[in-house]
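Input: a single structure, listed below in structure tokens.
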Amino acid sequence: MKARQPLQQETATPSSDDRYLAVTHEVFNQPPALEDYNLFEQDKALQEAVAREGAAAATSDLKQFGAFAGAADTIALGFHANENKPAFNTHDRFGHRTDQVDFHPAYHQLMSTAMENGLHSSPWTNPGAGAHVARTAKYYMHSQIEAAHCCPITMTFAAVPSIRKQPELAAVWENKILANSYDPRNLPDSEKQSVTIGMAMTEKQGGSDVRANTTRAYAIGAEGPGQAYELVGHKWFVSAPMCDAFLVLAQTRSGLSCFLMPRWRPDGSKNPWQIQRLKNKMGNVANASSEAELRGALAWMMGEEGRGVPTIIEMVAMTRFDCMIGSSAGMRQALAQASHHCRHRSAFGGRLSEQPLMQNVLADLALESEAALAYTMRIAKSLDSQHLEHERLLARLATPVGKYWICKRTPNHAYEAMECIGGSGVMEDCIMPRLLRESPVNAIWEGSGNVQCLDTLRALQKEPDTLDAFFSEAAEARGADARFDRFLAQLQNDFADISDFEYRARNLVDRLALLMQSSLLLRNSDPAVADAFCASRLEHNGGLNYGNLPSGTDPAAIIKRATPVVG
Ligand SMILES: Cc1cc2nc3c(=O)[nH]c(=O)nc-3n(C[C@H](O)[C@H](O)[C@H](O)COP(=O)(O)OP(=O)(O)OC[C@H]3O[C@@H](n4cnc5c(N)ncnc54)[C@H](O)[C@@H]3O)c2cc1C
């Protein structure tokens, strides 16, 4: 065979082996994969927040978990769970109704890890100082591996305060809910040592406005709390439909009530709640979400008849808090990917992370991420201290404000981080497309943006002291920065008359969130972070695209603090 002749334009002098093998190029100027790193040790803001908000005792456990979460094998689980969507089967091969959803083994492994680490249970089994904070830190790292499977983890965790409202049901279910193990088998709960819990509120004609629900509950015998009913109706969204039981809203003669509906009946027969199909979602694909019919499904009333919303709202409040953790985690992972890439990638003669315009973008993304984490961790501390009136009032107002703001800031953050990586950031073998597709979901479920703003108004109207608690907490930073002081005074002034709050709600809630975030950063973070946050968010630039930090800020310090050092 004749050897290939070098082309005229080949200027390099390849070895004779290269010529023979037709080697076309070397791979260079590409970052190493961001893997085999410690998500805790490489996250300064997280370490500081854990210590600050009362969970220093959990540090060594979190370090261990951080190493696990950053391991290449662990990261691969997230990819496998998303590349292999859940599959639904109505019946087995003999024709028995099964309502079986099959998941990739990676999904089950992620569920096992989450439950073995008590992400669904630890603040309930070991309450007290730092319990919610430590769980939040771990959930934050776990969610960075894969966010979708966190949905059933959150629902199981969040169901506990609501189920405790009906002690005889709690006596049957609580120990299995809180067991730190995962049992995915499609079996009656009586045959399992651990269970997961979902929720079924939304119907076609009413999601935000659940009062429009038409599903009906018929008492089998006696009526009232703890009694057995049969539910007939349809639910438009039921996520994690393999859960062992669900909190369901349905109408009785006295109005909307809350029920606990098991997957199987106590006699071992299948409870007639039947999945119709799985949703074809643009994001959150590793998690199954379904539409379901309730055809006389057995369920027990939880809490007072006709008071279904107040009963389930405790669960909803906890799921809203977890949305804050999940979105903060999404931003952290996006930032880690972007800053890591730019630290290793050069263009036009210099590293991207050292080029002024890219520095502005990266530092801005870092500010958003750290502010979201600081806010979330402060509310975690509040959840640990609900016996204190200030903390109770603070959490009541700060939860809808934070859920609205942090979740809403995430999609644009993900998209900007993707752009920092360039074309490779768009590819499915990079985590960025998954982070981007996941990013709008938290903003929509568990009460969409406007609904959070309206809940903020409800809190202000029912308990005006919540606003005092919020302002007094934020005002702890008064005197640290003149821009902050002006922002605080103006916002307090704007709250003097809230008669048209509903129309102005987004603007007011945006600013409440920014006020608290800047207060937390001023009190606790690196001065470069606090200064740039105040300069860009509290002054006229706020609201423009990322990359709008004004001159005089210190992007290099902000980027250094935020960038994981790998490779
Ligand atoms: C992936 C996914 C999984 C889900 N899983 C579950 C689940 O497991 N269980 C469950 O019960 N539900 C679930 N949901 C449903 C979710 O909670 C609802 O979609 C959400 O509450 C919004 O309800 P909706 O879709 O009916 O929209 P709508 O209620 O029609 O709202 C549409 C828009 O109008 C706004 N809006 C509503 N009222 C007002 C108002 N008064 N003023 C101004 N704006 C208003 C909302 O903020 C929203 O932006 C899931 C949704 C998704 C996307």
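As a basis for the values below, the full set of heavy atoms in this structure was taken, side chains included, without hydrogen atoms, waters or symmetry mates. All ligand and atom numbering here is 1-based and tracks the order in the structure.
Proximity to Val451 (heavy-atom distance under 4.0 Å) selects the following atoms of ligand 1: 47 (O). Atoms of ligand 1 found under 4.0 Å from any heavy atom of Lys281, numbered from 1 in the order shown, are 1 (C). Interface atoms of ligand 1 facing Glu446, defined by a heavy-atom separation under 4.0 Å, are 17 (O). The ligand atoms of ligand 1 that sit less than 4.0 angstrom from a heavy atom of Ser289 are 3 (C). Taking a cut-off of under 4.0 Å to the non-hydrogen atoms of Met201, the atoms of ligand 1 that pass are 10 (C), 11 (O).
Here the shortest heavy-atom pairing between Arg216 and Ala250 reads C-CB, 4.2 Å. Heavy-atom minimum distance, Met318 versus Ala158: CB-CB, 3.4 Å.
Distance screen at 4.0 Å: atom 30 (O) of ligand 1 has no protein heavy-atom neighbour inside the cut-off. Note that atom 25 (O) of ligand 1 has no protein non-hydrogen atoms nearby, at separations under 4.0 angstrom. The nearest protein heavy atom to atom 6 (C) of ligand 1 is closer than 4.0 Å.
In this structure, Gly198 has no heavy atom closer than 4.0 Å to ligand 1.
Inclusion of Val238 in the set of residues having an N or O under 3.5 Å from an N or O of ligand 1 is not warranted. At a 3.5 angstrom cut-off on N or O pairs, Met199 counts as close to ligand 1. Residue Gly207 has at least one nitrogen or oxygen atom sitting less than 3.5 Å from a nitrogen or oxygen atom of ligand 1, judged on distance alone.
In terms of protein heavy-atom proximity, atom 8 (O) of ligand 1 is nearest to Ser239 N, 2.8 Å. Closest to atom 41 (N) of ligand 1 among all protein heavy atoms lies Leu454 CD1, 3.5 Å. Atom 49 (O) of ligand 1 has Ser448 CB, 3.8 Å as its closest protein atom, hydrogens excluded (heavy atom only). Remark: minimum distance from atom 12 (N) of ligand 1 to any protein heavy atom is reached at Thr202 OG1, 2.7 Å. Of the protein's non-hydrogen atoms, the one nearest atom 32 (C) of ligand 1 is Ser208 OG, 4.9 Å. For atom 2 (C) of ligand 1, the closest non-hydrogen atom on the protein side is Trp445 CE3, 3.4 Å. The nearest protein atom to atom 20 (C) of ligand 1, hydrogens excluded, is given as Ile444 O, 3.7 Å; this is a heavy-atom distance. Of all protein heavy atoms, the one closest to atom 52 (C) of ligand 1 is Phe237 CE2, 3.5 Å.
Atom CE of Met377 and atom CD1 of Ile325 lie 9.0 Å apart (nearest 0.5 Å).
Stacking of Arg434 on the aromatic ring of Phe79 is recorded, both the 6.0 Å distance cut-off and the 45° axial limit being met.
Counted by atom type alone, Asn89 and Thr98 present zero donor-acceptor pairs between their side chains at under 3.5 Å.
Ring geometry, His142 versus Phe65: the interplanar angle falls from 30° to 60°, so the pair is classed tilted. The aromatic rings of Phe470 and Tyr375 sit tilted, their planes meeting at an angle between 30° and 60°.
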Candidate pair Asp510 and Tyr404, rule side-chain hydrogen bond (donor to acceptor under 3.5 Å, both in side chains), full reasoning:
CA-CA 8 Å; Asp510 282 355; Tyr404 160 75; 2.9 Å; yes

